[in-house]
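Structure first, then comments.
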Amino acid sequence: MTENSERRVISVIVVNEASVLSRITNLFSGRGYNITSLTVAPIPESNYSRLTIVTSGSVRVIEQITKQLHKLIPVLKVYEHADLVEKEMAMVKFPLSENLSDIDVLCRAYNGKIVNVGENVVIVMVADEPKRVDNFLAVIKKYNPKEIVRSGAVALER
Amino acid sequence: MQMSGAQMVIEAFIAEGVDTVFGYPGGAIMNVYDEIYKQDKFHHILNRHEQASIHAAEGYAKASGKVGVAMITSGPGFTNAVTGLADAYMDSVPMVVVSGQVPMSLIGTDGFQEIDAIGISRPCTKHNYLVTDAADLPRVLKEAFYIAKSGRPGPVHVDIPKDVTAQIAEFNYDVELNLETYKPHTKGNPRQIKKALEAIAKAKRPLFYLGGGIINSNAAYEVRELVHKTGIPAVETLMARGVLSFDDELLISMLGMHGSYAANMAMSETDLVIGLGVRFDDRVTGKLSEFAKNADVIHVDIDPASISKLVNADFPIVGDVKNVVIEMLEQCEHIYPDNYASWRETINNFDALHPLTFHEDSERLKPQWVVKRVGELLGDSANISTDVGQHQMWAAQFYPFTRPNQWITSGGLGTMGFGFPAAIGVKVAVPEKTSINFTGDGSILMNVQELMTAVEKKIPVINIILNNNFLGMVRQWQTLFYDKRHSQTDLSVQPDFVKLAEAFGGIGYRVTTKEEFDAALKDAVEKNIVAFIEVIVERFENVMPMVPSGGSLFNMMLLEKKETK
């Protein structure tokens, strides 16, 4: 059993009811598990919501996380993904004075575009794999981004 | 039928067959108490502190196997109950706890006696509810009882705002439960069971490791049969005392930090651990990497999260222990008790080398003697509760347990103050047995107000206070590991326990000799009222043997050899 910490994506299907999110986050904080990112939204035409949690831990810890999640009464299913498609979105605000054609080209390389232009700023979005979003955010540093927001990852099993 | 939320609580209790509710009224729960006043289907026992209400309900549940029920008000009423909820959660006690809450319109305004109760109870309950509409109450209460007692049992907390208890809605308790997301797995996988049995047949030195899950699953008699049919020796955890009878020759003893030498050595030497309803608690395993180092592990538990949490299970079986053991009984013909004769011999030799015993070498009574003596005088006719500390370990080591549900203790959380109220609940659940609470001079003061409850309701609990004028267990650690710096553990200044009991209308005894003790116990049993028997015991007695925290089971501190009794 390896004690090496590895990144894992877990999807959780829960009953869409009051305080269910705090049951999940309490579990993580109470048992000392990490949350790298967490997204949640209702599943259309159902009473359920789907959470995507990016976490890290040893094989044993990840196994405990999935079992403990399962133990919560409103949890229907827990998927610990092995083979998955993962996407994340980021939005970035730049001063209008930066080189917009460079920024535009970079955005498009990462499945994105300019989504809003204001008096002093331009807002762009990209949507790609989390690792590639990391790359994008590293590359655009020199254009003096004023504000960055990431959505957290969502994932589907292949 | 249309009725108020408060009436629904009463009707649900009646439908669930509740005969006793432990509780304490207050502002937010008054509508429900008004309905309690009007009914005569169940008793209400007024404890003198909400924590005691929860412990009493725990004692009731542990002794009877039924769901314990408690009722409290909002704010401080609820926060006082939190220790009890946590205790019940750690020891998997089936309970439903109903609390009042400020009216919906005041929630979130820092109203009088408002606290986010379900926010607080979330990590120390199996599940909890804030009911915002009386129409939901029948379903919620029915779910609460079902969740509390099914699967791995646990406390369920239902928080009801005051206006919801006044709200009128339809009550129909005959609804089918539809818990799509909660389906406990009770039947063990037959293939896994078969593999486990094959492993047992091959093992040279197998060992049953019996846990509290056996009591919860009401499987003690099936486990006794399995142990005898296979001839495999067994150790018990603290929570499993009474699964096997004390005089069973296949029972080695309790294992763990204060387990016997033979039990811990057997666990260290076994080649196959057969864990039934256990969770490999750190007080049991000692140093994990050295625990049953050369053994494969069969682990049967209803909670999948308990399996391979701390010790990897080679043969995991998720299911109710009772079901799994019944399956095993049907297929264990190829396991021959004779195969383990030399293994049993080895264990007997361990036991002969360092038996579980004590020295009677002091002027004062030895606490272990007191426990043994109660066993001789009352034995099977008593149910035994304890508080937490040295007295608890001595009771676990030396009382001659003969049946499941005879032993009621706070294992996981280790809650001082548990014993007295729990023993009240035990007596209410099983009135025909004497209810004994072994306690210490530290623990007893943590819920001493329950003297009033016991006197008012005529619940004759006998509290045996092993008084060493110390917070004994902490003192023991300070002596052994902190160079005898007895920081804040000297309890030389004490109340007069006899007068204290009498002040509430109970009876008190102070004894210093064996003859006095026998007379006091006899008198207390006959008088049939709540009693304190304060026994002045040797101050510096240590619980032995002992595995120091984090040490390996086979590295025990042992009782010094002297002439033994």
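Reminder, nothing fancy here: chain letters follow the sequence lines and each chain counts from 1.
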Would you give the length of the straight line joining atom CZ of R60(A) to atom OG of S308(B), rounded to the nearest 0.5 angstrom? 7.0 Å
Is the closest side-chain heavy-atom distance between N189(B) and I317(B) below 4.5 Å? no
Between atom CG of D116(B) and atom OG of S74(B), what is the distance when rounded to the nearest 0.5 Å? 12.5 Å
Does S150(B) form a side-chain hydrogen bond (donor to acceptor under 3.5 Å, both in side chains) with Y182(B)? I'd like the steps, not just the answer. CA-CA 10 Å; S150(B) 59; Y182(B) 175 72; 2.8 Å; yes
Which residues, numbered in order, of residues 12-31 of chain A come under 4.5 angstrom of chain B by heavy-atom distance? V15(A), S19(A), S22(A), R23(A), N26(A), R31(A)
Less than 4.0 angstrom from a charged side-chain N to a carboxylate O is my criterion; do R7(A) and E86(A) meet it? yes
For the residue pair F291(B) and F280(B), does the interplanar ring angle fall in the parallel (under 30°), tilted (30 to 60°) or perpendicular (over 60°) class? perpendicular
Name all residues meeting the side-chain contact (heavy atoms from CB on, under 4.5 Å) criterion together with K287(B); count only those two or more places apart in sequence or in a different chain, and write none if there are none. S289(B), E290(B), S552(B)
Tell me, with the steps shown, if H81(A) and S11(A) meet side-chain hydrogen bond (donor to acceptor under 3.5 Å, both in side chains). CA-CA 8 Å; H81(A) 294 297; S11(A) 293; 2.7 Å; yes
Taking atom types as modelled and ignoring hydrogens, do the side chains of S410(B) and D87(B) form a donor-acceptor contact shorter than 3.5 angstrom? yes
Taking D271(B) first and then K293(B), would you say they form a salt bridge - that is, a charged N and a carboxylate O separated by under 4.0 Å? no
Any chance you could lay out the side-chain hydrogen bond (donor to acceptor under 3.5 Å, both in side chains) test for Y33(A) and Q68(A), step after step, and finish with the verdict? CA-CA 11 Å; Y33(A) 307 145; Q68(A) 294 290 349; 4.9 Å; no
For N216(B) and S92(B): C-alpha separation, side-chain torsions, deciding distance, then whether side-chain hydrogen bond (donor to acceptor under 3.5 Å, both in side chains) applies. CA-CA 8 Å; N216(B) 274 332; S92(B) 309; 4.5 Å; no
Give me the contact list for residues 122-145 of chain B versus chain A, heavy atoms only, anything under 4.5 Å, ordered by residue number. R122(B), P123(B), K126(B), H127(B), N128(B)
Please list, in residue-number order, every residue in residues 99-127 of chain A that has a heavy atom less than 4.5 Å from any heavy atom of chain B; write 'none' if there are none. none
Closest heavy-atom pair and its distance - Y209(B), D281(B): OH-N, 4.3 Å
